[in-house]
2 protein chains.
Amino acid sequence: MAGARSRIPDATVARLPLYRRSLLDLAGRRVATVSSEQLAEMAGVNAAKVRKDLSYLGSYGTRGVGYDVQFLVFEIERKLGLTTESPVVIVGLGNLGQALANYGGFQERGFPIVALVDADPAKLGQPIGDLFVESIDDLATAVAERAIAVGIIATPAQAAQEVADRLVAAGVRSILNFAPTVISVPDDVPLRKVDLATELQILSFYQQRERVDVQPRAS
Amino acid sequence: MAGARSRIPDATVARLPLYRRSLLDLAGRRVATVSSEQLAEMAGVNAAKVRKDLSYLGSYGTRGVGYDVQFLVFEIERKLGLTTESPVVIVGLGNLGQALANYGGFQERGFPIVALVDADPAKLGQPIGDLFVESIDDLATAVAERAIAVGIIATPAQAAQEVADRLVAAGVRSILNFAPTVISVPDDVPLRKVDLATELQILSFYQQRERVDVQPRAS
DNA sequence: CGGTGTGAAGCCTTTCACAGCA
DNA sequence: TGCTGTGAAAGGCTTCACACCG
């Protein structure tokens, strides 16, 4: 996970969605301003980090008062590029793919799922949510016609690289990989991975450390 | 995500499962030894990092030759605490929880799912895989009787903190949180989170950066 | 006075480069 | 000779602490 030549550090970028979530919560409760201390509490980080992170966006706070909630949400969304929707395609509709397809959280956060694709002919045409499973051969057409920006790979490991290649060829701009394997894509296609078994193994390490040793993390 | 007082850096711990996966792949193909260069290629990192990481485990390589695949798997598993199984309970059986319950990847990596728990009475007794959904009131009993070590939270955000409290009270030793909210647990309970919408937002940032600017990550 | 914005210090991680061993 | 193991350098992230402003 290396860094772009941007002014905003990677570590900060990774926390902006967290701040955004807390700020939306405040906005929903009609709170107008928030201090770094309060926001830190909500986001589970410390206040110095909040101030430093927000300072990369610009000097949007008011000394003695705090930050304007609405304005800060707007600025974070602008920096994250969330001002327009990014349509998503899910490739691979096994257990995980189906769960992702049914998960409402994407839609409501600006990432509508607009296509479901699988290589298994038996799955073609099957309805999931309000979509139907399409053939992977229709991927390029779907990406072009529905302006798909993000590809989610939820296939078995052995299919992942080929799917990634097809997604890139079809013109998808970034990829989220759930398959437990390393895939490679061109440098200009942002790629992130989520590996459930890896997370458990990391927990396992700290859990055993725990009982002989001292404290690890907080989230 | 702060660091334990262990000799193995957090960043290294997070990569050990990745090396393990590559090594198991090699072992399955009857490969006996591997160089840092090859392993780096497979794991998608660079060779210097591999050598540095492995050096924290001990000096297990042979100069001029490389690392013994079987032995290295064993050592990594030992350090990660994977020598015994860690039974898992999933709390919350909506889309995501059900998908996780049906996902075979946990079982085969030493994290058998032994209990499914939900607060919704309508779900009680429902079969998923080869388990039945139980009441959250039976959590403590289940944790004790089945030696459950890990709790996975797959509930809506608003229920997550209470579930976390109950898991801790029941004696679970570490927690993986899929709910899109910050939860707090005692210092001695390792906690990790996976937030799907956050991942997409991070991708969004690099994707827009992409088109005006230079290269971000590789995974 | 309260709380931001930020240099500076400290810590952690990555990368380099090469000595040293099989 | 080939490849590991590791000091040292470089870079990035976090924390500190306080000047400064509303």
Side-chain angles (χ1 to χ4, degrees), chain A residues 1-16 18-19 23 26 31-69 71-72 75-76 202 206 214-219, chain B residues 1-16 18-19 23 31-69 71-72 75-76 202 214-219:
Chain A
M1 224 132 282
R5 229 49 55 223
S6 136
R7 255 173 346 290
I8 306 183
D10 290 349
T12 296
V13 170
R15 281 187 296 266
L16 291 179
L18 209 60
Y19 299 144
L23 290 165
L26 290 168
V31 177
T33 62
V34 65
S35 69
S36 59
E37 195 84 44
Q38 295 169 293
L39 188 51
E41 160 77 26
M42 294 183 73
V45 302
N46 67 43
K49 206 179 271 182
V50 169
R51 289 202 299 278
K52 194 63 139 182
D53 284 342
L54 296 184
S55 78
Y56 292 118
L57 304 181
S59 295
Y60 296 140
T62 306
R63 292 166 200 238
V65 178
Y67 302 87
D68 182 284
V69 173
F71 183 70
L72 202 47
E75 276 306 313
I76 289 175
I202 296 172
Y206 291 107
V214 228
Q215 100 279 20
R217 108 210 8 74
S219 170
Chain B
M1 224 132 283
R5 230 48 55 222
S6 138
R7 255 175 345 291
I8 307 184
D10 289 348
T12 296
V13 170
R15 282 187 295 265
L16 291 179
L18 209 61
Y19 299 145
L23 289 164
V31 177
T33 62
V34 65
S35 69
S36 59
E37 194 84 44
Q38 295 169 293
L39 188 52
E41 159 78 25
M42 294 183 74
V45 302
N46 67 44
K49 206 178 272 180
V50 169
R51 290 202 299 277
K52 194 61 139 183
D53 285 342
L54 297 184
S55 79
Y56 292 117
L57 305 181
S59 295
Y60 296 141
T62 307
R63 291 164 200 242
V65 178
Y67 302 87
D68 183 285
V69 172
F71 183 71
L72 202 48
E75 277 305 314
I76 289 176
I202 296 172
V214 226
Q215 101 279 17
R217 109 209 4 81
S219 168

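For the pairing with A:Y19, the side-chain contact (heavy atoms from CB on, under 4.5 Å) check across A:L54, A:V34, A:L72 returns one residue only, A:L54.
Look at OH on B:Y67: it is 13 Å from C1' on D:dG2, rounded to the nearest Å. Going from atom OH of A:Y60 over to atom P of C:dG5 covers 11 Å, rounded to whole Å. Rounding to whole angstrom units, CG of residue A:D53 and P of C:dG5 are separated by 12 Å. A:D10 places its CG atom 15 Å from the P atom of C:dT13, with the value rounded to the nearest Å. In this structure, A:R7 places its CZ atom 16 Å from C1' of C:dT6, rounding to the nearest Å.
Side-chain proximity of B:K52 to D:dA8, D:dT4, C:dG5: nearest is D:dA8. Among the nucleotides C:dG5, D:dG5, C:dT15, the one closest to any side-chain atom of B:K49 is C:dT15.
Note on residues 36-59 of chain B: no pairs pass ring pair (Phe, Tyr, Trp, His ring centres under 6.0 Å), not counting sequence neighbours.
Partners of A:Y60 under the side-chain contact (heavy atoms from CB on, under 4.5 Å) rule, at least two apart in sequence or in another chain, are A:L57, A:F71, A:E75, A:R78. When the salt bridge (Lys or Arg N to Asp or Glu O under 4.0 Å) test is applied to A:R15, the partners found at least two apart in sequence or on another chain are A:D53.
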request  = Quick one, give me the B/S/- string for nucleotides 17-22 of chain C, reading 5' to 3', where B means a protein heavy atom under 4.0 Å from the base and S means that only happens at the primed atoms, P, OP1 or OP2.
outcome  = B-BBBS
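Between B:V69 and B:L23, the closest heavy-atom pair is CG1-O, 3.4 Å. A:V31 and A:T33 make their closest contact through CG1-O, 3.3 Å (heavy atoms, listed as atom of the first residue, atom of the second, distance).
For the pair A:Y56 and D:dG12, the criterion of a side-chain N or O lying under 4.0 Å from OP1 or OP2 is not met. Dashed line: the shortest gap from a side-chain N or O of B:N46 to OP1 or OP2 of C:dT15 is under 4.0 Å.
For the pair B:S35/B:Y67, no side-chain contact is recorded, criterion being any heavy-atom separation below 4.5 Å from C-beta on.
Looking at A:T62, its side chain never comes within 3.5 Å of a backbone N or O of A:V65 through a donor-acceptor pair.
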Quiz: residues 41-50 of chain B side-chain donor-acceptor pairs under 3.5 angstrom, not counting sequence neighbours:
unit_1, atom_1, unit_2, atom_2, d
B:N46, OD1, B:A48, N, 3.3
B:N46, OD1, B:K49, N, 2.9

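Across residues 33-42 of chain A, not one residue has a non-hydrogen atom less than 4.0 Å from an atom of DNA chain D.
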